[in-house]
Amino acid sequence: MAIKKYMPLWFLDVIAAEEKLQKLSAEGLIVTDFSPVDGVLTLEEGEKKPLRYRICHGNAAPRGLLASGWRQVWAGKKYYIAAHDDPEVEAVPDYRSWKTANRLTMMIFFFIFCCTFGFCIGALGGSDGAVLESFPPFFTSMMILSSISLIAMIYFFTVNRKLAKYNKDLNLTGAGAIKTIPKENFTYTPEEEKQMLKSGKMIKKSPLGWFYAPDDAEEMVEKMAAEGWRFYRFNPLGTTFYFIKSDPCKLRFVVDFQNEATDEYFTAAADDGWKLEFTSAMRMGSFIVWSKEYDEEKPEFYSDSSDTIKRARRTALIMGLPMVLFAIFCVVFIAVVFLVDQEDFYEALFLAILYFIIGIEYSVFGVKAIGYYFRIKEKFKDKF
Amino acid sequence: MKHPLSYSEDTRLYILMSLRCPRRCHGISDYIEQATGGKVKPGAGTVYNAVSQMRRRNIITVYDNRDCGTVYELTDLGRSILHREAERISRLHSFMGLES
């Protein structure tokens, strides 16, 4: 006879949900069906034996998993449940996908918190309590919302800490990670580096805004390697290149831009012999820098020209376009400063000069990134 | 001389061919290099992009992800696409009077 059990909001803590399934199996209740939306479990009576359960993302258990003693007990459109007879078996696949999903939810709550908390602070301080007096229910709801978001953020943070214990350390730097340069890239101690810089065996270069024209940076590093200055490492911000004196070598240097760099991406490149030099910790789009020494044929990270063009388009859209928009904003601001009747002319002039300088800087970077896209497009235009 | 591989569809077709057996991204690249006698060697970024896109379209699926590198294989949809492509190329060969 089928028995129904409820597991509401199971997705908030998937490890706890799996432990509950294990407890049920020890009591002789085996899962036969599951409704992920409302968390309704359909169970049948069977042998009293604790099973190891995994609730995973995906529409079916991978065949490789099934070949290793796991069996699929249920599969839906977004999730599947797999079980193993050994309750102590290693949790496979690991909880990386849940961690990513939680991180996204955490970001949404962070955004809500910033908006609501910012509003509350503004209402209290900026308007002498006018908002508080005019709309008390609105203000209260904002306060409640910001408190809920804060609690949710702390909750997801602790859940992610729990998930991280089960996840294998890739020893690579995934998206959203704070580290930007792998530890193994630092082959010299800071003291040795200082010595080398003093003695001229190491040099550093900081091309301004090289992120906006990555092809120029690639060319510069490859040329330096050919001249006997091998790329050593970046500074943690990725703005300074360190080179060490070495024999001239052939080095391919690639600056990639990914909307979401997954662990799979890092593994695929590392497997192919690319050395990770740098990854930016930006969540919405990451710069990832790879290098590879070669003897005869120059290796390509993107052998397909359409991928290279897509990468340049992504860089231009995410890095260049906002800069151009900021520059336009600066122009509009300068116009407003002079059109609106100003009491103090010199103050207006000072603001206009300030915004003019900022506008020039933004437009240089914006044009650089957009120029990079057109250069790449032109390079591949003859290839069909 | 290396094939320029500027035409995305080529890469997609080679990847479909390679995933008749489960493979990792690096394995895909090695298979293509071997199958084309070293004329085509897709880069890691190209293989990753193509595989991610095909996975989203349910053309390929994860065979195993227990270790750090995910292993992929063709879905039924992927197999039918590969079959259709093979037939199309074969017809093209016949039309041009070449041996298939």
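These numbers were taken from a predicted model, which means no experiment stands behind them. Lettering of chains follows the sequences in order, A, B, ..., and the numbering in each one begins at 1. What you see below is based on every heavy atom in this structure, not just the backbone, and it leaves out hydrogens, waters and symmetry mates.
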Measure the [atom1]-[atom2] distance between [X] and [Y] for me, rounded to the nearest 0.5 Å.
X	Y	atom1	atom2	value
B:Y48	A:D307	OH	CG	12.0 Å
A:D304	B:D10	CG	CG	8.0 Å
A:E300	B:K41	CD	NZ	12.5 Å
B:S52	A:Y265	OG	OH	10.5 Å

- prompt: With only heavy atoms counted, which part of B:V71 is less than 4.5 Å from chain A, the side chain, the backbone, both or neither?
  reply: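 No part of it gets close to chain A.
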message: Counting only non-hydrogen atoms closer than 4.5 Å, does B:Y63 touch chain A with its backbone (N, CA, C, O), its side chain (CB onward), both, or neither?
response: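 For B:Y63, heavy atoms of backbone and side chain both lie under 4.5 Å from chain A.
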task: Grab the two heavy atoms, one from A:A269 and one from B:A44, that are nearest each other, plus how far apart they are.
output: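 Looking at all heavy atoms of both residues, the closest pair is CA-CB, 3.9 Å.
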- request: Give the minimum heavy-atom separation between B:G43 and A:S303, together with the two atoms involved.
  value: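 Scanning both residues, the minimum pair turns out to be N-OG, 2.9 Å.
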Does [X] have more than 12 heavy atoms from other residues, nucleotides or ligands lying within 6.0 Å of its [atom1]?
X	atom1	result
A:H57	NE2	yes
B:Q34	CD	no
A:E219	CD	no
A:F374	CZ	no

Evaluation steps, side chain to side chain contact (heavy atoms under 4.5 Å, CB included), between B:T61 and A:R63: CA-CA 10 Å; B:T61 187; A:R63 283 203 309 139; over 6 Å; no
Partner residues of B:H26 under the side-chain contact (heavy atoms from CB on, under 4.5 Å) criterion, sequence neighbours left out: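 Checked B:H26 against side-chain contact (heavy atoms from CB on, under 4.5 Å); matches are A:D271, A:D272, B:D30.
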Those residues that, when tested against A:A213, pass side-chain contact (heavy atoms from CB on, under 4.5 Å) (two or more places apart):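 So A:A213 forms a side-chain contact (heavy atoms from CB on, under 4.5 Å) with A:D215, A:D216, A:K368, A:R375.
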- request: Starting from the C-alpha separation in whole Å, work towards a yes-or-no answer on side chain to side chain contact (heavy atoms under 4.5 Å, CB included) for B:N49 and A:Y302.
  value: CA-CA 9 Å; B:N49 277 0; A:Y302 287 116; 3.5 Å; yes
message: A:E264 vs B:R55, test: side chain to side chain contact (heavy atoms under 4.5 Å, CB included). Steps then yes/no.
response: CA-CA 13 Å; A:E264 284 166 53; B:R55 202 175 147 189; 3.1 Å; yes
